[in-house]
Novice: 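Handing you this structure, nothing more for now.
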Amino acid sequence: MNLPDDILVSSTFPVTRKSRKKRMYYEICEDESPELPLDKFRVDQTIVDQITISLNERFTDNNKLIADVQYLLPKNFKLIEQMPNTALKHLANLANLEHIQLGLELKNFSKVYP
């Protein structure tokens, strides 16, 4: 890497004291974290990656619904006038309502909401 001389980057992780869990002599369970800092970083990074992937998988199916619900928040009422024609279609289908009627009701409500 071509880094400036004034930037110092350590190539190793600091070794810290590992705390041990107290357990009885008959317990065989090995639920301790890795001892080496590099291994601990890899395990932690893997966990964060798995959480991110899980959240993305859960919410990508509901992108249309999340986009429609954003117009129902009072802080977004000012965006209702510029709302595209396709907005609220998914929400209207879930509620068994007409898309145009739901849009009109939301516009009227946003005008009278304090």
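Everything numeric in this text was worked out from a predicted model, so none of it was measured.
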Novice: What's the separation between atom NZ in K107 and atom CZ in F77, rounded to the nearest 0.5 Å?
Specialist: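 It comes to 13.5 Å.
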Novice: Can you confirm whether more than 12 heavy atoms, excluding those of Q70, are under 6.0 Å from its CD atom?
Specialist: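 Count over threshold, so yes.
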Novice: For the CD1 atom of I53 and the CZ atom of R58, what is their distance to the nearest 0.5 Å?
Specialist: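 Spacing of CD1 (I53) from CZ (R58) equals 13.0 Å.
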Novice: With a 3.5 Å distance limit and no angle check, can you tell me whether S54 reaches the backbone of Q50 through a side-chain donor-acceptor pair?
Specialist: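 Such a contact is absent between S54 side chain and Q50 backbone.
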Novice: Could you see if L104 belongs to whatever hydrophobic cluster contains L79? Use Ile, Leu, Val, Met, Phe, Trp, Tyr and a side-chain cutoff under 4.5 Å.
Specialist: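 Different hydrophobic clusters.
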Novice: Quick one: does L55's side chain get under 4.5 Å of I51's, heavy atoms only?
Specialist: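 Side-chain contact under 4.5 Å: yes.
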Novice: Give, for atom NE2 of H90 and atom CG of N62, the distance between the pair rounded to the nearest 0.5 Å.
Specialist: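 With rounding to 0.5 Å, NE2 (H90) is 6.5 Å from CG (N62).
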Novice: Enter the distance from L65:CG to F59:CZ here, rounded to the nearest 0.5 Å.
Specialist: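 Result: 11.0 Å between the selected atoms.
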Novice: CD/E81 to NZ/K111 distance, rounded to the nearest 0.5 angstrom?
Specialist: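 The CD atom of E81 sits 5.5 Å away from the NZ atom of K111.
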Novice: Does atom CG of N85 have more than 12 heavy-atom neighbours, drawn from other residues, nucleotides or ligands, at distances under 6.0 Å?
Specialist: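 No, the 6.0 Å shell around CG holds no more than 12 heavy atoms from other groups.
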Novice: Can you see which heavy atom on Q82 is nearest to which on K78, and at what distance?
Specialist: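 Smallest heavy-atom distance, with atoms named: OE1-O, 3.3 Å.
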Novice: Is the shortest heavy-atom distance from the side chain of K89 to the side chain of K64 under 4.5 Å?
Specialist: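 Not touching, per the 4.5 Å side-chain cut-off.
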Novice: So that I can tick it off, tell me whether K40 and D44 are bridged by a salt bridge, with the cut-off set at under 4.0 angstrom between side-chain N and carboxylate O.
Specialist: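 Answer for the salt bridge query: yes.
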Novice: For the side chain of H99 and the backbone of A87, is there at least one donor-acceptor N/O pair under 3.5 Å apart?
Specialist: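 Yes; judged by distance alone, with no hydrogens or angles, the pair exists.
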Novice: What pair of heavy atoms forms the shortest contact from L91 to L72, and how long is it?
Specialist: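 So the two residues come closest at CD2-CD1, 3.7 Å.
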Novice: Closest heavy-atom contact between I80 and L106?
Specialist: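 Where I80 meets L106 most closely, the heavy atoms are CD1-CG, 3.6 Å.
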Novice: I66, L94: one ILVMFWY side-chain cluster at the under-4.5 Å cut-off?
Specialist: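 Hydrophobic grouping puts I66 apart from L94.
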Novice: Does the side chain of L88 come within less than 4.5 Å of M83's, by heavy atoms?
Specialist: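 Yes. Closest side-chain heavy atoms under 4.5 Å.
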Novice: Mind checking whether Q45 and F41 have side chains closer than 4.5 Å, heavy atoms only?
Specialist: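 Yes, side chains in contact.
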Novice: Is the number of heavy atoms from other residues, nucleotides or ligands within 6.0 Å of CD1 (I100) greater than 12?
Specialist: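 Atom CD1 in I100 is not crowded, with 12 or fewer foreign heavy atoms closer than 6.0 Å.
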